[in-house]
Amino acid sequence: MLDRRTFNVAGFAALSSLPFTAHAAFAQDFDMAKLLELGPLPEKSLGDPAAPVTMIEYASATCGFCARFHKQTFPALKERYIETGKVHFISREFPLDALAAAAFMLARCVPDDKYFDFLDIVYETQTTWSRSDKPVDALFALAQQGGLTRSEFDACLKNQDLLEGINWTRQRAETEFGVRSTPTFFVNGELVRGAVTIDELDRIIEQHL
C-alpha cells in the first residue's frame, strides 16, 4: 500500500526530488511579453485578457500560504478587479512536492470551466487531503468532488505529458523568473512574493491602472 513516503504515481518521484538551483539575483520587474510566452500547457485564466493589469500567480497546491491567499484574499480580488475588467488573472503551477503536482494534474483534468472551482476545493480542503496517510485515496476523494470517475482519475495521473508540462512550468519559473517560494505573483511584471492581503493588492494594482 502506498503511503506518503512511497507515493510515486506517474513518475512523481523525479519531480518531487528535483532540486532548486542557485542563480544570480533577479530584478524585481520582468518583461510582460516574456512572462506571457506560452508553454506546453494551455493557460488557465480569469477575466478580460485585454484588462489593463495582468496578474500571474505561481502556486503550490500544498502550500499553506497559497491556501490562505485563495481563501482570504482571492474572493475580494475577483470581485473588485477581475470581474470588473481591471485584472486578467493567470494561474500557473509551481508544485513543491508530488502531492501538489497530482492535485494540479487533477485540476487540469476536470472540465475547463470548472478549473478554478476545483482549485477552490483544493485549497479549502488542503489540510485534509495533503496530510492523509493514504494519499491516493485522499486524491481520489478530491477528484470526485471535481466530478471525475475512478477511470478518469487513474488516466489523469498516468498522463506523463501533463506531468511534464507542469514540471516545465515550474522549472521555467525558477530559472527565468526567480520564483523560489509560493505564492509568487507578477503584477504587470512587478514581482510580488507571499500571501498578500487585499489591502496590499489594492495599492499594487492601483499603481498599474
Side-chain angles (χ1 to χ4, degrees), residues 2-23 25-26 30 35 39-41 43-44 55-74 89-110 115-116 118-143 146 153 156-186 191-196:
L2 293 175
D3 61 21
R4 290 186 64 86
R5 293 179 299 278
T6 61
F7 182 50
N8 182 21
V9 177
F12 286 139
L15 185 148
S16 58
S17 63
L18 182 70
F20 286 87
T21 53
H23 298 283
F26 283 81
F30 293 81
L35 280 164
L41 299 177
E43 292 279 37
K44 297 296 185 179
M55 181 174 179
I56 300 170
E57 178 194 25
Y58 285 96
S60 178
T62 52
C63 161
F65 290 107
C66 300
R68 179 194 299 177
F69 171 80
H70 277 270
K71 289 188 285 187
Q72 298 181 2
T73 303
F74 189 73
F89 183 86
I90 299 172
S91 174
R92 290 181 181 169
E93 302 94 344
F94 195 88
L96 297 177
D97 52 52
L99 285 174
F104 282 137
M105 291 176 77
L106 295 173
R108 284 187 172 270
C109 288
V110 302
Y115 174 84
F116 282 96
F118 188 75
L119 279 190
D120 287 342
I121 297 172
V122 166
Y123 289 120
E124 286 290 342
T125 63
Q126 184 191 81
T127 56
T128 300
W129 63 266
S130 68
R131 299 177 185 177
S132 174
D133 290 331
K134 298 180 179 180
V136 174
D137 291 344
L139 285 170
F140 179 53
L142 188 66
F153 168 81
C156 182
L157 293 187
K158 291 177 182 177
N159 187 334
Q160 192 65 25
D161 289 340
L162 179 55
L163 176 61
E164 289 175 359
I166 288 172
N167 192 19
W168 185 96
T169 300
R170 169 188 159 164
Q171 287 180 306
R172 180 170 184 257
E174 181 193 357
T175 58
E176 295 189 25
F177 307 132
V179 177
R180 297 285 182 271
S181 59
T182 55
T184 293
F185 306 93
F186 295 91
L191 176 64
V192 179
R193 300 186 192 275
V196 289

_Passing candidate, side chain to side chain contact (heavy atoms under 4.5 Å, CB included) with Ile121, options Leu106, Leu142, Val110_ = Leu142
*Look up atom CG in Asn167 and atom CG in Leu162, then write down how far apart they are to the nearest 0.5 Å.*
11.5 Å
*If you take all heavy atoms of Lys44 and Tyr115, which pair is closest and at what distance?*
CB-CE2, 3.4 Å
*Do Trp129 and Leu99 have side-chain heavy atoms sitting under 4.5 Å apart?*
yes
*Distance, nearest 0.5 Å, that separates CG of Leu163 from CZ of Phe104*: 12.5 Å
*Shortest non-hydrogen contact from Ala67 to Tyr123?*
CA-CD2, 3.6 Å
*How close do Ile166 and Ala101 get, heavy atom to heavy atom, and via which atoms?*
CD1-O, 4.2 Å
*What closest approach, in Å, do Pro183 and Phe65 show between heavy atoms, and which atom pair accounts for it?*
CD-CB, 3.8 Å
*What distance separates Gln171 CD from Glu164 CD, expressed to the nearest 0.5 Å?*
10.0 Å
_Pairwise distance CG(Leu139) to CG(Leu157) - rounded to 0.5 angstrom_ = 6.5 Å
*Can Asp137 and Ser132 be said to form a side-chain contact (heavy atoms from CB on, under 4.5 Å), step by step?*
CA-CA 9 Å; Asp137 291 344; Ser132 174; 5.9 Å; no
*Between Glu57 and Arg92, does a side-chain contact (heavy atoms from CB on, under 4.5 Å) hold up when you go through it step by step?*
CA-CA 6 Å; Glu57 178 194 25; Arg92 290 181 181 169; over 6 Å; no
*Can you check whether Asn159 reaches Cys109 side chain to side chain, under 4.5 Å on heavy atoms?*
no
_Heavy-atom closest contact (Gly146 atom, Phe118 atom, distance)_ = CA-CD1, 3.6 Å
_Side chains of His70 and Gln126: any donor to acceptor distance under 3.5 Å?_
no
*Pairwise distance CZ(Phe177) to CZ(Phe94) - rounded to 0.5 angstrom*: 12.0 Å
*asked:* Which residue in the set Arg108, Arg172, Arg170 passes salt bridge (Lys or Arg N to Asp or Glu O under 4.0 Å) when paired with Glu93?
replied: Arg108
*Nearest 0.5 Å, what's the CD-OG distance between Glu174 and Ser181?*
11.5 Å
*Under a 4.5 Å cut-off applied to non-hydrogen side-chain atoms, are Ile56 and Phe185 in contact?*
no
*Provide the closest heavy-atom pair for Val196 versus Phe69 in the form atom of the first, atom of the second, distance.*
O-CD1, 3.7 Å
